Each structure stands twice: as structure tokens, then as C-alpha cells.
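Since the structure comes first, as C-alpha cells, the remarks are kept for the end.
Because the structure is predicted, anything quoted here is derived from the model rather than measured. The basis for the numbers below is simple: all heavy atoms, side chains too, and nothing from hydrogens, waters or symmetry mates. Letters A, B, ... mirror the listed sequences (proteins, then strands); counts begin at 1.
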2 protein chains.
Amino acid sequence: MEKICFIIAMHAEAQPLIERYGLQHIQDYFGELPTELYRGVINGKELNIVLNGRMNGLDLIGCEAATLTTEAAIMRLRPDILINAGTCGAFKSKGAAIGDVYLSNGPVMFHDRRVGEEGGWHDMGVGNYPTADARQMAKDLGLKLGKCTTGSSLDMTDTDLNIILREGGELKDMEAGAIAYVASLHKVPLICVKSVTDLVDGGRATEEEFHENLHRSSAALKDACTKIVQYLMTEQPTLF
Amino acid sequence: MEKICFIIAMHAEAQPLIERYGLQHIQDYFGELPTELYRGVINGKELNIVLNGRMNGLDLIGCEAATLTTEAAIMRLRPDILINAGTCGAFKSKGAAIGDVYLSNGPVMFHDRRVGEEGGWHDMGVGNYPTADARQMAKDLGLKLGKCTTGSSLDMTDTDLNIILREGGELKDMEAGAIAYVASLHKVPLICVKSVTDLVDGGRATEEEFHENLHRSSAALKDACTKIVQYLMTEQPTLF
């Protein structure tokens, strides 16, 4: 792996990793887009972190921003692998705890794209875009495995929840599905690494729990990402 | 207007217009993306229609596909204006009927991006990305005006409906918000032209009504788009 590219939505999620590797902000790399590039060379290999950027002082989040960022990152950087690092909600009933870090297990689904019940349209809505096989990596690095499910909202309606449960979603985020969609079109391998900020079945409001745990989860995310970078740069991992 | 670019999701929506102008399919114009380009020269001016393309034999629809298509169209074609033409759901209670054709009135909102109630986050979720001022054009061409509202589903939950009503949405589609987001980043003017296929408060299932009326609405859409092309190519319209 000569060129690694992280796709991260929020500065709070990225900052610990940017500092860990002393990455440089490359100004205006993506032209008219708000997308931001942080770059460094680690042991002769290129490490990139691409962020959605900000609008009105807030981190751009969600699927449209993630789609755009991933397309720009792939077209400009042509990375060997994409890693979508971020925070997520997860299910206490499926064994998750705040601060747990997971790798993506199998394809990434969407839980809020209801475009019909017939086979083809149902499948297009759910997406299920592929990720690289991270099972050996999870074992080697002591990380959990879970199926990512993406939606455009921080909260979750009963309709969303029913789709998540029916389709086997475990890690609820706001970007992975969009990133997996674009990565799959360009055939760039993708791993998602997700740190739990809130328990969607824990009885507390997502927004409150998310902000309370963001700092702690971002630190756990940084530790996992550091191990992943080391692993990808030194091992010949079996991902495909 | 020397270079016009339509962004259209479905072949059924685009085909009447492609035939009307005898546009040529430019194969593989967008490289690894499924995005399709149809192009022609009309009175010395360039007319482009860009489609999301297909996956597993079905038209790609929704916000991720629309984001990608718009980014690719802007970066490769650098059009003077984007026109998002498509079908939509609308409210009988607000005076809409099947086959009515509307132009976008003011910014485009999202009704399924719930990312917080606080001012900045609420606003980011709703989006409200700008469109060009189409009021004079609507008057000159005898078209209606309405506020576009976008979501990733063909149906609508009560949660979606409440947001649409609260924020004043009138024309419910699955792409305009994403297209307006990307267009606004690149400062390319955008007009949405939407033909009504289903009445969201008409008491019938959206999917059934949509498929029943798609052909008729696409014909009405073609007639309106033909008038718009003529208008943009011959007049000096006041849009900004």
C-alpha cells in the first residue's frame, strides 16, 4: 500500500490523527470544492486525510458531502485504498459499548432510501455497496466487526429502524454508504472504521449522547487508525 | 447562453427531449462513472443532457447519483446553466394536478436530513441551496412556480411530511437538492423544471401513481423543456 487515503467527515474526528502524523494542510487542493486535504509521507509512503470541509463554520456531514469528497479524492489522488474513519451509533442489544471500534463487515447498506419493494428497486435503495474483506485485519488488530448502515439523519425514525433490523445493519452512520457507492464505481477498495458515540437503543437522545462522547470516541478512533496505518504500510494484508 | 446542460435522472424522462433535438450519445465520456452524455448543436449553441446512467439495468436515482452526475457534468462540461428536469410529487391541496409543469421558486430544501435542531445544524440539514430566479421565465412561458423539496425516498413518512409543511416545500423529488448543493459550490446557475406524476395528498400509493403517469408527465416535461431551450438560446433572460 503506497498511497492511503482517509475520508473523514468532521474535524474533531480527524484532528487527533492529523496531529499524530504531523500532516500538512494543502491549501485549495480541491479548487471550488470545500473539501480539505491533509498530507504527509510516512516511511516513504503517502498518507492523505480528506475532509468534507466546512460551510457556515460547521463541518459538512451527510451523504451529498461524502459523495463529493470521495469522488474528488479518487479522481485527484488515485489512492490504493480508502479508509472511511468516523463515529457511529450502535446497538447495545448487539453487544456494542461507547468507545468500541469496529471495522466494516461486508457491504454497506442505506436505511433511508425507500424506492420500491420490487427486487431491483429495493436493492438499489438499500445499496449494499462492497467493502474490502477486513476480517483478518480485525482479528490481527483486536477490533470488532459490524455491518455499516447509512442514513442522512442523526436520529432514526421507526421506519429507519425497521429497515436496519430487517437488513441486518449494526453500525449507523451518515457517510459510509455514499463513500462505498463511489468507491465501488471506481473499484477502489474501502474499509470503514467506526467508533461508537451513541447507543441507538440505549434510551438517550442521540444528539446529546453524540456530543458528550465525540471527544472520547475520536481518541479511540485515532488509536485504531494508527494501528491500521501501521498494518497497511508494513504488512501485505489479505483484503480482497 | 452558449452551453446548456440538463441533468436528468431517468431515461424515460430524458428520451423525448433527446429525440426532439436528435442528440448523440457520446460513449464513455465520463470514464469510470455510469453517467451518460447526450449532446447536440442547436443554432450554433451546445445542448447537453447528462443522465445518472444505469446499474443492474435500472436508472440510477437519488441524491448520491445526482451529486456525482452534477459534479462530473460541471467539471467536464463547464456549462453556462444547469437545468434539472424531472418528475415530482406535489400537493393537490396547494393546487397541483397531474401533468402540471413547475419551475423552481427560491432555494431547494431537503426533507429527510435531520441533523439537529440548533440553528446552524438545522439549516445545514434543510440545505436551502439557491436556484436562479425563474419568475420572469415562468411568466413568459406559462409555467407554474413552486419550492422544490428533496428526499432519498419515493414515499414520504409523517416525519418527512411535517418537515415539508413546516419549511414550505411544494414539489417533492429525489434529486434537486443534491444538484443545487453541487451547483452552488461551483456557482453555476440552476433552474429546476418539474412535471407532476403523483399527488402526495391524493390518497393513492405513490409508486403506483408514479408508474401510471410517468409517460404522460414526461411528455409534458419535454414540451416545457423545449420552450425553455428556445427561451434560453434566443432571449437574454433575467435570471440572476
Side-chain angles (χ1 to χ4, degrees), chain A residues 30-35 53 55-68 70-72 74-75 110-121 123-125 127 129 150-160 174 177-182 184-188 206-207 210-211, chain B residues 30-35 53-68 70-72 74-75 110 112-121 123-125 127 129 150-160 174 177-182 184-188 206-207 210-211:
Chain A
F30 291 103
E32 294 161 353
L33 300 182
T35 316
M55 187 175 279
N56 302 323
L58 297 175
D59 290 310
L60 283 159
I61 57 173
C63 293
E64 290 74 27
T67 300
L68 210 48
T70 308
E71 175 67 8
I74 291 175
M75 293 304 281
F110 280 92
H111 55 257
D112 63 356
R113 304 197 314 182
R114 303 175 307 279
V115 297
E117 283 303 315
E118 287 171 62
W121 289 110
D123 293 348
M124 183 190 289
Y129 304 112
T150 295
S152 293
S153 294
L154 193 55
D155 70 9
M156 182 173 69
T157 63
D158 287 344
T159 306
D160 296 337
M174 294 182 59
I179 295 166
Y181 168 60
V182 180
S184 73
L185 294 176
H186 292 287
K187 299 188 170 58
V188 178
T206 295
E207 196 175 348
F210 172 78
H211 288 294
Chain B
F30 291 104
E32 295 162 350
L33 299 183
T35 316
R54 292 190 172 107
M55 186 174 280
N56 301 324
L58 298 174
D59 290 311
L60 284 159
I61 56 172
C63 292
E64 290 73 28
T67 300
L68 210 48
T70 309
E71 175 67 8
I74 291 174
M75 294 304 281
F110 281 92
D112 64 356
R113 305 198 313 182
R114 304 175 306 277
V115 298
E117 283 305 312
E118 287 171 63
W121 288 110
D123 293 348
M124 182 188 290
Y129 303 112
T150 295
S152 293
S153 295
L154 193 56
D155 70 8
M156 182 174 70
T157 64
D158 287 344
T159 305
D160 296 337
M174 295 182 57
I179 295 166
Y181 168 62
V182 180
S184 73
L185 294 176
H186 292 287
K187 298 186 172 55
V188 178
T206 294
E207 195 175 348
F210 173 78
H211 288 291

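A heavy-atom distance below 4.5 Å is found between the side chains of B/Met55 and A/Leu185.
B/Arg114 contributes atom CZ, which lies 7.5 Å from atom CG of A/Asp112 (distance to the nearest 0.5 angstrom). How far CG of B/Leu60 is from CZ of B/Arg54: 10.0 Å, rounded to the nearest 0.5 Å.
The candidate with the highest count of non-hydrogen atom pairs below 4.5 Å against chain A, out of B/Val182, B/Thr67, B/Ile74, is B/Thr67. Heavy-atom pairs under 4.5 Å with chain B were tallied for A/Asp123, A/Leu154, A/Asp155, A/Thr159; the largest tally goes to A/Asp155. By number of non-hydrogen pairs under 4.5 angstrom with chain A, the leading residue of B/Leu68, B/Thr157, B/Asn56 is B/Leu68. Highest contact tally toward chain A, considering only B/Lys187, B/Arg113, B/Glu117, B/Met174, is held by B/Arg113 [criterion: heavy-atom pairs under 4.5 Å].
By the 30° and 60° cut-offs, the orientation of the rings of B/Tyr181 relative to B/Tyr129 is tilted.
A/Glu32 CD: more than 12 foreign heavy atoms inside a 6.0 Å radius.
For A/Ala65, the parts lying near chain B are the backbone and the side chain together; criterion is any non-hydrogen pair under 4.5 Å. Only the side chain of A/Phe110 comes within contact range of chain B, with heavy atoms under 4.5 Å apart.
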